[in-house]
Structure formats: C-alpha cells, structure tokens
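Counting starts at 1 for both ligands and their atoms, following the listed order. Note that the structure is predicted; figures quoted are calculated from it, not measured.
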Amino acid sequence: MSISKMIVLVSAGSILYAAFSDYFNTSSTPPYPTTNLSTEDDWDKIENGIHLKTGLIYDRGFDQVRANCTVCHSAKLIIQNRADRDGWAQMISWMQQEQGLWDLGKNESVILDYLSTHYAPLEKGRRDNLNIAEIEWYILDLE
Ligand code: HEC
C-alpha cells in the first residue's frame, strides 16, 4: 500500500472516530468521587474565536444559538452539519414539527444568519473531471 493511501485511510479513520467517539466512550461513572480539575468558569471561555464548552464559533447570534439549540442535543450536531440558509431553515422546521422545538420568534432570523454564515456548505474541493469527448484537440505547431 502506498504512503498516500495510508495517509488517506488514517485520516478517514480519525474523522470517523471524531464523529462517533461518543459511541465508543464506554466509561461509566467511577465508584469513587472525582474532583473536577477545571472550574466551570475556566471551561466556559472563548479561545481563537471558538467557545470551548460548545465548540461553536463565537460571533453574533452565538447567544441565541446556545440558548435555543443546545438544549436537546450537543452543539456537535450543528458543527457536523453544513447547509445554506434554506437548508438550516428546513432542519429547524423539521425539529419544530417532529422533535418539539419551539417557535424561535424573532431569534429565528438571527439564528439563521449565524448558521448560514458559519456553517455554510463547504466549497467543492476539486474541479469537475474533464469531459474528454468535448475537448477540441489540436496539434501544437512549434515551428
Ligand atoms: C426540542 C429539542 C430540540 C431543540 C431545542 C433543537 N433540536 Fe436539533 N434535533 C433534535 C432532535 C431530537 C434531533 C435528532 C437527533 C438525532 O437524530 O440523534 C435533532 C437533530 C438536529 C440536527 C441533525 C439533523 C440531521 O439531519 O442530522 C441538527 C443540525 C440540529 N438538530 C440543529 C439544531 C439547531 C440549529 C437548533 C436550534 C435552532 C436545534 N437543533 C434545537 C431536537 C432539538
């Protein structure tokens, strides 16, 4: 196996692991009391524009998203998803119809701005394949 294939495999593995690490975490509560080394305040801070506790980008709309979107599930579900404004609006309305998400009122547009700005679809990573049949070939004349 070539090195580059191995790199691809290893990175695919780590991405999968990162996405599903919650499922692998089988640790249960230890039978002895544990002390929390970091205080709640430590943890609840912003570093490099990221709110550490939720992993969300800290920008306008963060407070509304945190208050409304991290109640039922972790912010990971948001971070792992990307969509344009329409796509986010559809996910929100799905949660409202099926999962008991409340009416977001005037916060909805702030939340949609935030989501569609920071969790927009990624650019396509590579160009489309060449359509060989449609290329007009010519002979290069070097004279
Ligand atoms: C009342 C509970 C509730 C609230 C509040 C809530 N959600 Fe959800 N959401 C759910 C449930 C339940 C699921 C499905 C979870 C699963 O499949 O494990 C879900 C799934 C999702 C998903 C994954 C959708 C997919 O297709 O995989 C995203 C993204 C999401 N929510 C974003 C949000 C955002 C953004 C907000 C704030 C506007 C929000 N949620 C607020 C209940 C909620």
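- The atoms of ligand 1 that sit less than 4.0 Å from any heavy atom of M91 are 29 (C).
- Contacts with ligand 1 closer than 4.0 Å are made by side-chain heavy atoms of L115 only, the backbone lying farther away.
- Within ligand 1, counting atoms from 1 as listed, the ones closer than 4.0 Å to a heavy atom of N81 are 23 (C), 29 (C).
- When each atom of ligand 1 is checked for a heavy atom of G100 under 4.0 Å away, the hits are 1 (C).
- Looking at F62 and I57, their side chains never come closer than 4.5 Å, going by heavy atoms from C-beta outward.
- Contacts between L101 and ligand 1, counted as non-hydrogen atom pairs separated by less than 4.0 Å, involve both the backbone and the side chain.
- Across all their heavy atoms, G61 and V110 have their closest contact at CA-CG1, 3.7 Å.
- Residue-level check: among N/O/S atoms of H73, NE2 sits closest to atom 8 (Fe) of ligand 1.
- Those atoms of ligand 1 with a heavy atom of W88 less than 4.0 angstrom away are 29 (C).
- At a threshold of 4.5 Å between non-hydrogen side-chain atoms, the residues K53 and K45 do not count as touching.
- Of all the atoms in ligand 1, the ones that sit under 4.0 Å from a non-hydrogen atom of N68 are 5 (C), 37 (C), 41 (C).
- Taking each of I79, N107, I111, L77 in turn, the one with a heavy atom nearest to atom 28 (C) of ligand 1 proves to be L77.
- If you run side-chain contact (heavy atoms from CB on, under 4.5 Å) between H73 and each of T70, L77, V71, only L77 comes through.
- The stretch residues 101-121 participates, sequence neighbours left out, in these side chain to side chain donor-acceptor pair (under 3.5 Å) pairs: D59-H118, N68-W102, R85-D113.
- Listed by atom number, the atoms of ligand 1 under 4.0 Å from C72 heavy atoms are 1 (C), 2 (C), 3 (C), 4 (C), 5 (C), 42 (C), 43 (C).
- Pairs passing the side chain to side chain donor-acceptor pair (under 3.5 Å) check and including a residue from residues 90-99, sequence neighbours excluded, do not occur.
- Distance CD1/I79 to OG1/T54: 6.0 Å, rounded to 0.5 Å.
- With a 4.0 Å cut-off on non-hydrogen atoms, M95 touches ligand 1 through its side chain and not its backbone.
- For the pair I92 and I111, the minimum side-chain heavy-atom distance is below 4.5 Å.
- Of all atoms in ligand 1, numbered sequentially from 1 with element shown, those under 4.0 Å from a heavy atom of W102 are 5 (C).
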